[in-house]
Asker: 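The structure is given below, and queries will be raised subsequently.
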Amino acid sequence: YPIDVDVVTRGLDISFESIEQRGATVLHLRNHEPVTVHCSVLFNAGAESRRRQAVIAAGDGQTLQFTPRREVVRMRVRVECEPKEERPEE
């Protein structure tokens, strides 16, 4: 099935690769920034959707996946990433 990916990075250098593998939609994100980023990913297969979260260190990558229980005609994936806010030490 086709996978449509919409990425909102707010100017961050984030790359992605998406594939369908044994009924699962697999999305690999890579952070090319010098800072840690937080990404929220919404997998939407029509009647079924799931949200996944990832914190990706500078120069690192992470793989997220979703396996729908129903037949998929088209998968829509929305990725939103922003710099992770560091909490000050107390």
Asker: Hey, is the main chain of Ala57 close enough, under 3.5 Å, to the side chain of Asn31 for a donor-acceptor pair?
Answerer: yes
Asker: Any salt bridge linking Glu80 with Arg10? Criterion: basic side-chain nitrogen under 4.0 Å from a carboxylate oxygen.
Answerer: yes
Asker: Hey, quick one: are Leu42 and Leu64 part of the same hydrophobic cluster, counting side-chain heavy atoms closer than 4.5 Å, chains of contacts allowed?
Answerer: no
Asker: Are Glu71 and Tyr1 close enough that some pair of their side-chain heavy atoms sits under 4.5 Å apart?
Answerer: no
Asker: Is a side-chain donor or acceptor of Glu48 paired with a backbone partner of Arg70 at a separation under 3.5 angstrom?
Answerer: yes
Asker: Hey, does Val77 have a side-chain heavy atom less than 4.5 Å from the side chain of Val79?
Answerer: yes
Asker: Taking Glu33 for the side chain and Thr36 for the main chain, is one N or O donor matched with an acceptor at less than 3.5 Å?
Answerer: no
Asker: Considering all heavy atoms of both residues, which atom of Glu20 and which atom of Ile3 are nearest to each other, and what is their separation?
Answerer: N-CD1, 3.8 Å
Asker: Compare all side-chain heavy atoms of Val35 with those of Lys84 and state whether any distance is below 4.5 angstrom.
Answerer: no
Asker: Verify, without hydrogens or angle tests, whether Arg30 (side chain) and Gly59 (backbone) share a donor-acceptor contact under 3.5 angstrom.
Answerer: yes
Asker: Taking atom CD of Glu17 as the centre, does the number of heavy atoms from other residues, nucleotides or ligands within less than 6.0 Å exceed 12?
Answerer: no
Asker: Any donor-acceptor pair under 3.5 Å linking the side chain of Gln62 with the backbone of Leu29?
Answerer: no
Asker: For Pro68 versus Ala45, what's the shortest heavy-atom pair and its separation?
Answerer: CB-CB, 4.5 Å
Asker: Any chain of hydrophobic side-chain contacts (each under 4.5 Å) joining Phe66 to Val7?
Answerer: yes
Asker: Are Val5 and Leu12 connected into the same hydrophobic cluster when the rule is that any two of I, L, V, M, F, W, Y join if their side-chain heavy atoms are below 4.5 Å apart?
Answerer: yes
Asker: Roughly how far apart are Cys81 SG and Phe16 CZ, rounded to 0.5 Å?
Answerer: 11.0 Å
Asker: Report yes if the side chains of Asn44 and Arg78 come closer than 4.5 Å at any heavy-atom pair, otherwise no.
Answerer: no
Asker: Among Arg52, Arg51, Glu82, find the one that has a side-chain hydrogen bond (donor to acceptor under 3.5 Å, both in side chains) with Ser40.
Answerer: Arg51
Asker: Nearest 0.5 angstrom please: Asp4 CG to Met75 CE, how far?
Answerer: 10.5 Å
